[in-house]
Amino acid sequence: MSPTPLYSGKVRDIYAVGDDQLLMVTSDRISAFDVVMAEPIPDKGRVLTAMTAFWSEQLASVAPSHLVSTDLAAVPEDLREPGWEGRVMLCHKAEMLPIECIVRGYLTGSAWKEYRKHGTMHGATLPAGLLESARLPEPVFTPSTKADEGHDENISFGHAAELIGESLAGQVRDVCVELYQRGADWARERGIIIADTKFELGLVDGELVLCDEVLTPDSSRFWPTDAWEPGATPPSFDKQPLRDLLERLDWDKTPPPPPLPAGVVEATSRRYVEAYERITGRPFADWPGTGG
Ligand SMILES: Nc1ncnc2c1ncn2[C@@H]1O[C@H](COP(=O)(O)OP(=O)(O)O)[C@@H](O)[C@H]1O
Ligand SMILES: [Mg+2]
């Protein structure tokens with residue numbers, strides 16, 4: 001019998017391991033417009049886990065990671081399930097900061113909407129005349145609140161400083177911009193633009209630690225570099241087959257989700273694996289666990 005998770009998010013199930021660790025099990029669930037689809041995407045959970053492990057290692061000099069191990073053998077035996085191979089993260093439990101640490105390198109999504117209306121991004125003025133999906137002069141830390149219900153709200157740096165304190169907010173901003181910069185430069189050379197991303201940081205024994213998933217297609221906007229042209233939003237590297245389908249169906253974005261044809265499920269799975277292989281240069285077949 002499976003143990004009961006402490007918490008089930010849209011994508012992850014979280015279990016307590018003793019008093020100071022957590023086990024995060026990443027599922028193959030996929031959501032669009034905040035609605036979880038009925039069909040799992042084979043290998044998605046393993047790709048997100050493998051990619052997070054890669055970046056955590058790659059960026060360790062910028063911030064320590066909450067990750068203890070992605071090896072199923074490191075998980076206490078009474079908690080382990082064979083199907084979890086390749087998609088577990090044993091982590092230090094952190095006291096999570098009450099903000100989403102977004103960094104934007106390109107002008108898109110809610111930031112583009114605000115800029116088009118007011119010429120600002122999270123309240124701060126930007127140069128005039130920028131096009132949709134334009135590369136920003138430099139990456140910007142643009143936090144948001146963490147809403148339990150409904151949508152997160154974009155906030156200014158000043159508002160973030162009120163929530164977590166000026167000095168911690170400054171430290172968080174500098175760390176996040178550096179993480180994004182290094183990751184985005186790395187990915188761009190490998191054919192993927194990371195337009196923006198969301199980091200989640202927390203404190204472990206008073207130290208600032210990088211938590212959750214890191215620079216994955218679920219926490220970021222990935223665009224194929226060759227499809228990017230300012231003036232329009234490029235297709236998403238990973239979710240394009242799904243988005244195309246949902247647009248064709250004219251689904252109203254409320255549950256229940258429409259059924260996904262096998263072709264869309266397979267195409268999406270292939271995109272996730274391709275993103276992993278392009279970014280890491282490692283064959284996904286080397287990552288533990290079997291597909292499905
Ligand atoms: N090291 C950690 N300690 C405590 N909580 C964490 C840690 N890393 C991630 N989390 C939290 O675990 C949850 C991850 O589950 P997920 O399925 O991604 O949830 P959500 O749907 O809320 O994004 C998030 O609420 C995240 O803030
Ligand atoms: Mg999440």
Side-chain angles (χ1 to χ4, degrees), residues 2-37 40-41 44-57 59-60 62-70 74-75 79 84 86-103 109-110 143-153 160 163-164 168 172 175-176 179 194 196-222 236 238-239 255 257 272:
S2 326
T4 313
L6 270 186
Y7 170 79
S8 277
K10 284 191 289 289
V11 171
R12 290 176 182 76
D13 297 315
I14 296 161
Y15 303 84
V17 178
D19 290 336
D20 49 16
Q21 291 189 344
L22 293 176
L23 176 67
M24 302 182 59
V25 183
T26 306
S27 72
D28 290 338
R29 297 192 284 270
I30 192 166
S31 64
F33 308 106
D34 280 340
V35 177
V36 178
M37 303 289 118
I41 303 299
K44 178 173 177 275
R46 292 169 59 237
V47 166
L48 297 182
T49 306
M51 213 182 268
T52 294
F54 171 80
W55 286 124
S56 303
E57 203 182 293
L59 300 168
V62 183
S65 156
H66 69 150
L67 211 53
V68 174
S69 178
T70 54
V75 173
L79 201 58
W84 288 355
R87 54 196 186 90
V88 291
M89 299 200 301
L90 190 63
C91 311
H92 295 293
K93 185 170 157 184
E95 188 192 320
M96 300 303 287
L97 302 183
I99 56 170
E100 309 268 26
C101 303
I102 299 165
V103 181
S110 64
S144 74
T145 58
K146 248 186 197 169
D148 284 334
E149 293 281 311
H151 290 282
D152 299 339
E153 185 197 342
L163 290 173
I164 63 171
L168 183 57
V172 167
V175 164
C176 290
L179 289 169
I194 303 181
D196 51 28
T197 194
K198 180 198 76 178
F199 297 111
E200 291 198 37
L201 277 71
L203 298 171
V204 177
D205 298 330
E207 189 189 20
L208 194 58
V209 168
L210 179 56
C211 297
D212 208 55
E213 59 184 323
V214 181
L215 294 169
T216 72
D218 274 21
S219 67
S220 325
R221 276 190 182 86
F222 280 23
S236 150
D238 42 292
K239 298 215 175 58
Y272 273 86

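Indexing begins at 1, ligand by ligand and atom by atom, following the structure's order. Numbers for residues simply follow the sequence, beginning at 1.
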(request) List for me each residue that meets salt bridge (Lys or Arg N to Asp or Glu O under 4.0 Å) alongside Lys93, sequence neighbours excluded, and say none if there are none. (result)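 Result, salt bridge (Lys or Arg N to Asp or Glu O under 4.0 Å) vs Lys93: none returned.
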(request) Output all residues satisfying side chain to side chain donor-acceptor pair (under 3.5 Å) with Ser31, sequence neighbours left out; order by chain, then residue number. (result)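 Listed in chain order: nothing, the list is empty.
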(request) Can you sort out the partners of Thr49 under side chain to side chain donor-acceptor pair (under 3.5 Å), two or more places apart, ordered by chain and number? (result)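 Thr49: no side chain to side chain donor-acceptor pair (under 3.5 Å) contacts found.
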(message) Aromatic contact between Tyr15 and Trp84, with the criterion being ring centroids under 6.0 Å apart: yes or no?
(response)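 That pair passes the under 6.0 Å test.
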(message) If the threshold is 4.0 Å, N to carboxylate O, is there a salt bridge linking Asp212 and Arg12?
(response)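 So Asp212 does not pair with Arg12 through a salt bridge.
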(request) Would you mind checking if Lys198 and Asp218 are paired as a salt bridge, meaning a charged N to carboxylate O distance below 4.0 Å? (result)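 Salt bridge absent between Asp218 and Lys198.
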(request) Non-hydrogen atoms closer than 4.0 Å to ligand 1: which protein residues do they belong to? List them by chain and number, please. (result)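 Its neighbours under 4.0 Å (heavy atoms only) are Tyr7, Gly9, Lys10, Val11, Arg12, Ile14, Leu22, Met24, His66, His92, Lys93, Ala94, Met96, Lys146, Glu200, Cys211, Asp212, given by chain and number.
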